[in-house]
Amino acid sequence: MTTLFTQQQAKIVGFARVAVERSVDQYPDGLVYAVPEQLGELAIGARVVVPLGRGNTATAGYVIELMRETELDETRIKAIESEAHKAAMPRQLIELAKWISSYYCCPIGMTLSAMMPAAVKKQTGLVGKTMIDLSSDLSNDLKLPAKQRHVVDVLSALPSNRRPVEIRVLKELAELGTLSAIKQLIEKKVLNAKPKTTIEAAWIQQTLDTTIPDKLTNPQSKIIDDISLKLNKGFSAHLLFGVTGSGKTEVYIRLIQAVIAKGKMAIVLVPEIALTPQTGGRLIGRFPDHRVAILHSGLTAAQRNQQWMMAAKGEAEIVLGARSAIFAPIPDDRLGIIIVDEEHDGSYKQDQLPRYHGRDVAIRRAQLAKCPVLLGSATPSLESWYNATVKNSYTIHRLEKRVPGLRLPLVKIVDFAAERKRRDDRRVHLIGPVLENAIGETLDRNGQVIILLNRRGYANYIACPDHRCGWLMACDDCDSTMVFHINRNLRGGGFVRCHHCEGELRLPERCPDCDKQVTTFGLGTQRVEEELARKFPQLVDGSTMLRVDSDSMSGVKDLHDALGRFGDEKIKLLVGTQMIAKGLDFPKVQLVGVINADTALNLPDFRAAERTHQLVSQVAGRCGRGDGPSLVIVQTFQPDAASIKLAAAHDYESFAKLELAERTRCKLPPITRMARLVVRDVNYPQCVSTAKRIASRLRQIASEAVRLRGPAPCPISRIAGKHRQQIELLADSPILLQELLVAGRNQGLLHAGAGLVVDVDPIALL
Ligand code: ADP
Ligand code: ZN
Ligand code: ZN
């Protein structure tokens with residue numbers, strides 16, 4: 001290549017393909033720009049600013065390829081303006097982004113943009129600290145001015161665990177007015193100075209748990225040995241199927257120790273880490289010295305940036321976080337293992353672009369990093385179960401029993417309909433007599449109680465009491481009913497809210513059709529809270545009893561405070577949504593009550609049974625973690641539902657077998673693969689005609705091996721004013737789907753954007 005001069009008269013040293021941070025499909029493979037000499041060494045993964053479009057709008061993007069020459073017309077190529085900052089993506093993440101972009105149908109620039117936290121892009125709050133220590137080859141008879149001698153003495157007197165010390169702290173300790181004495185000592189090489197970024201993960205420090213079990217169980221040891229043999233041996237995938245309390249976390253910890261001993265790093269994904277501080281507390285407790293970088297939604301922007309940089313520099317050896325931690329910028333060749341805890345959890349799937357699944361991206365990343373990936377769960381997703389037991393693409397490891405000293409609780413199913421019939425009063429009780437007695441007994445012997453109801457608010461129906469009128473309050477903008485929320489400070493005692501668009505209104509006093517006074521019915525956590533207060537006067541709301549849901553907890557800190565008070569046994573009873581179903585490990589919990597196990601069972605989603613089984617099993621797992629008695633009571637209108645019965649029997653395997661047979665019969669995932677398209681439009685006829693046009697064009701280009709269903713209205717046919725029509729694509733292999741999606745994209749049919757959602761491997765079907 002000959003050098004050439006652009007309009008800026010800069011010397012060009014090469015070319016770069018840049019993925020611009022734009023949510024458009026126009027440049028699926030990025031755009032080619034010239035690299036001017038003054039940029040210096042540019043790496044793949046660098047974040048740069050380039051001129052885009054006719055107006056040359058300065059736009060950020062990532063270098064995804066470097067070339068010495070190009071076949072394009074060089075005189076028309078624009079030059080990169082600048083490097084945005086020094087935080088670059090490792091090459092492995094660029095490869096991962098390419099895969100995500102094509103697999104999940106998301107423009108590459110947008111994918112990369114989503115992988116790097118905003119705080120890193122903005123370089124928020126990056127404070128470099130200078131750490132000072134004595135030089136190792138310091139001789140004692142060195143002649144120094146008094147002030148400098150004083151500094152050396154102060155530093156020498158510090159205990160070794162406080163060294164190196166931050167330069168400003170040393171200045172204070174030595175009572176200096178300026179830094180000059182210290183700086184002179186650094187120049188004389190009496191002191192050495194090293195730069196360091198600080199870690200301020202203050203939230204987690206209260207919950208550290210440093211307990212090390214005396215002895216591993218035999219199954220634990222065997223699994224650790226088996227997987228240890230695979231470290232440094234390329235890609236391998238493992239499913240750790242272990243009941244709640246069987247010591248899965250201990251297996252993770254030992255494997256991470258083995259990985260670190262080999263000089264490598266680990267990524268640990270946990271669902272919504274901010275909501276499950278105990279897991280984090282245990283991991284960090286066992287890896288002191290600030291070697292865990294944490295990435296989760298409860299961090300400040302500055303903390304997030306710091307944690308990310310710690311991982312990028314390889315200063316942290318473990319990255320712990322929710323789904324997006326799978327994009328931790330671990331230096332290439334350093335990743336030694338990826339662990340996905342509670343791999344079945346729905347929060348691993350992102351519901352906006354790029355619509356990736358953290359677990360599946362973890363598998364892809366492990367393939368790129370050539371390292372093992374370990375998925376753990378007491379109730380694996382059927383996808384993973386199928387991969388492990390039918391396709392044998394994962395190795396399965398089992399922990400069938402709880403660790404010594406812990407027992408699985410007895411789970412009692414209560415037929416709620418039958419119980420209601422036996423009642424002689426006409427009041428609606430959400431807590432039946434069996435559960436009520438059990439709560440009373442548990443509180444009497446000073447045990448703790450967890451009550452689950454997976455629905456917030458007070459009542460999910462607001463209606464006319466006259467059934468001949470039949471008025472039911474629905475959201476004006478959504479295909480859904482409004483939910484009544486109590487708020488004693490408001491006139492009327494509360495407000496109504498739509499749980500899909502979050503729109504709020506006053507509670508109407510009278511039916512708009514016939515003017516009768518409205519009634520509210522249905523269930524919600526607030527109503528359970530009210531009933532508990534009525535039935536157990538010894539419980540004081542806000543003090544010995546607490547409701548935990550996204551309405552009552554305004555942030556991560558609230559939740560951590562609440563769990564802290566529950567851990568101290570100040571709170572006796574927690575009532576809440578699935579927020580309290582996950583990951584809690586409190587030994588004094590002797591009773592878990594499920595108000596209504598059916599809330600998710602009747603949803604029009606083929607995973608309804610699977611989710612119900614998971615939820616009941618997980619919440620039951622919060623019980624029986626100490627030496628006291630333990631009991632789980634599950635109220636349901638469908639006591640014969642297999643998902644509930646088998647959860648009560650702690651029998652995941654039978655459930656998985658039944659459910660897989662059902663999915664095979666209906667040709668549904670995981671036997672097949674699915675992609676879902678949702679067309680959204682405020683204009684109904686337009687919504688339908690767009691969906692029809694896309695479906696018919698896709699039918700023309702689809703191979704016979706792809707089944708196309710729809711278009712049809714989504715189960716929730718309108719949200720926030722937009723009508724929703726869906727098209728489902730099903731095929732035996734992901735490749736068949738990919739081919740169709742690529743063809744659709746190439747024909748301009750499937751531009752991701754506000755009007756169309758393309759969801760590959762969807763998990764929400766409403
Ligand atoms: P899981 O992740 O499978 O739910 P945990 O790892 O939380 O299980 O283990 C449950 C409890 O048992 C924890 O308090 C843990 O410290 C303890 N534990 C783990 N392994 C052992 C062991 N080998 N012996 C005794 N206790 C153990
Ligand atoms: Zn709404
Ligand atoms: Zn009416």
Side-chain angles (χ1 to χ4, degrees), residues 209-224 240-255 268 270-271 276 278-283 285-286 339-343 374-380 397-408 462-483 496-505 508-519 567 582-587 589 617-627 650 716-722 724:
D209 177 355
T210 53
T211 352
I212 305 175
D214 302 332
K215 200 168 157 284
L216 293 171
T217 64
N218 287 339
Q220 278 176 324
S221 303
K222 183 166 183 326
I223 294 168
I224 293 163
L240 176 54
F241 168 45
V243 296
T244 53
S246 59
K248 294 186 289 293
T249 313
E250 193 60 36
V251 171
Y252 305 153
I253 290 173
R254 302 294 171 114
L255 286 170
V268 183
V270 290
T276 54
Q278 282 192 316
T279 318
R282 275 171 69 191
L283 238 112
R286 293 284 291 280
I339 292 166
V340 185
D341 189 26
E342 309 289 4
E343 66 85 28
L374 172 60
L375 314 178
S377 177
T379 51
H397 309 267
R398 291 163 193 268
L399 289 173
E400 284 165 345
K401 296 205 186 93
R402 282 197 160 183
V403 297
L406 304 193
R407 283 157 297 123
L408 279 169
I462 297 148
C464 176
D466 186 344
H467 64 269
R468 284 165 308 182
C469 164
W471 176 80
L472 189 63
M473 190 177 188
C475 177
D476 282 344
D477 297 318
C478 305
D479 167 24
S480 88
T481 61
M482 298 295 272
V483 180
V496 299
R497 177 188 284 161
C498 168
H499 284 190
H500 294 291
C501 68
E502 302 296 325
E504 286 179 6
L505 292 169
E509 278 176 33
R510 309 208 154 263
C511 170
D513 294 346
C514 74
D515 211 39
K516 293 201 177 63
Q517 198 168 351
V518 299
T519 53
K582 295 175 187 175
L584 301 187
D585 183 2
F586 295 109
V589 175
S617 305
Q618 292 293 336
V619 71
R622 303 307 114 220
C623 196
R625 290 169 174 264
D627 10 284
H650 306 291
I716 301 172
S717 63
R718 197 164 60 109
I719 293 180
K722 285 189 175 160
R724 305 167 79 237

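Indexing begins at 1, ligand by ligand and atom by atom, following the structure's order. Heads up: numbering here begins at 1 and tracks the sequence.
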Within this structure, what is the NE2-SG distance for the pair H500 and C475, rounded to the nearest 0.5 Å? 9.0 Å
Which atoms of ligand 1 have any heavy atom of D585 under 4.0 Å away? 13 (C), 14 (O)
Minimum-distance protein heavy atom relative to atom 2 (O) of ligand 1: T249 OG1, 3.0 Å
D466 CG: over 12 foreign heavy atoms closer than 6.0 Å: yes
Is the side chain of R718 donor-acceptor paired with the backbone N or O of D476 at a distance under 3.5 Å, no angle test? yes
Report the C-alpha distance between V251 and L399 in whole Å, list the side-chain angles of each, state the deciding distance to 0.1 Å, and finish with yes or no for side-chain contact (heavy atoms from CB on, under 4.5 Å). CA-CA 10 Å; V251 171; L399 289 173; 4.3 Å; yes
Ignoring hydrogens and angles, tell me if any N or O in the side chain of K248 forms a donor-acceptor pair with the backbone of G376 under 3.5 Å. no
Roughly how far, to the nearest 0.5 Å, is CZ of R407 from SG of C623? 9.5 Å
Ligand-residue contact atoms, ligand 1 with S246, heavy atoms, under 4.0 Å: 1 (P), 3 (O), 8 (O)
Can you tell me if E502 has over 12 outside heavy atoms packed within less than 6.0 Å of its CD? yes
Could you identify the single nearest non-hydrogen protein atom to atom 18 (N) of ligand 1 and state the distance to 0.1 Å? V403 CG1, 3.8 Å
First locate atom CD of Q618, then atom OG1 of T244, and finally report the distance between them rounded to the nearest 0.5 Å. 7.0 Å
Quick one: which ligand 1 atoms are inside 4.0 Å of a heavy atom on T217? 23 (N)
Please check if the side chain of R625 supplies one atom and the backbone of L406 the other of a donor-acceptor pair under 3.5 Å. no
Distance in Å, L374 CG paired with H397 NE2, rounded so as to fall on 0.5 Å steps: 7.0 Å
Quick check on contacts: which atoms of ligand 1 are under 4.0 angstrom from a heavy atom of E250? 6 (O), 20 (N)
Under the 3.5 angstrom rule, does the side chain of R622 hit a backbone N or O of L584 as a donor-acceptor pair? yes
Does any N, O or S atom of C475, backbone or side chain, fall under 2.8 Å from the Zn ion (ligand 2)? yes
Minimum-distance pair of heavy atoms, taken over all atoms of P271 and E342: CG-CB, 3.7 Å
When only distance counts, is P404 in polar contact with ligand 1, meaning an N/O pair under 3.5 Å? no
Numbered in order shown, the ligand 1 atoms found under 4.0 Å of a heavy atom of T244 are 4 (O)
Shortest protein contact, atom 20 (N) of ligand 1 (heavy atom only): Q220 NE2, 3.1 Å
Take the Zn ion (ligand 3) as the centre and count protein N, O or S atoms at distances under 2.8 Å. 4
Any side-chain heavy atom of E343 sitting closer than 4.5 Å to one from P380? yes
N or O contact, G247 vs ligand 1, cut-off under 3.5 Å: yes
Which residue supplies the protein heavy atom nearest to atom 25 (C) of ligand 1, what is that atom called, and how far is it? P213 CB, 3.9 Å
Part of L216 within contact of ligand 1 (heavy atoms, under 4.0 Å): backbone
Looking at R254 and E250, would you say the former's side chain and the latter's main chain have a donor-acceptor pair under 3.5 Å? no
Below 4.0 angstrom from a heavy atom of R625, which ligand 1 atoms are there? Numbered from 1 as shown, please. 4 (O)
State the atoms of ligand 1, each with its element, that fall below the 4.0 Å cut-off from a heavy-atom position in V243. 3 (O)
Taking only non-hydrogen atoms of K215 and a 4.0 Å limit, the atoms of ligand 1 in range are 22 (C), 23 (N), 24 (N)
In the protein, which heavy atom is nearest to atom 7 (O) of ligand 1, and how far is it? R282 NH1, 2.7 Å
Donor-acceptor contact below 3.5 Å, side chain R724 vs main chain I719: no
Nearest protein heavy-atom contact for atom 4 (O) of ligand 1: which residue, which atom, what distance? G245 N, 2.7 Å
Short check: any N/O/S atom of C501 below 2.8 Å from the Zn ion (ligand 2)? yes
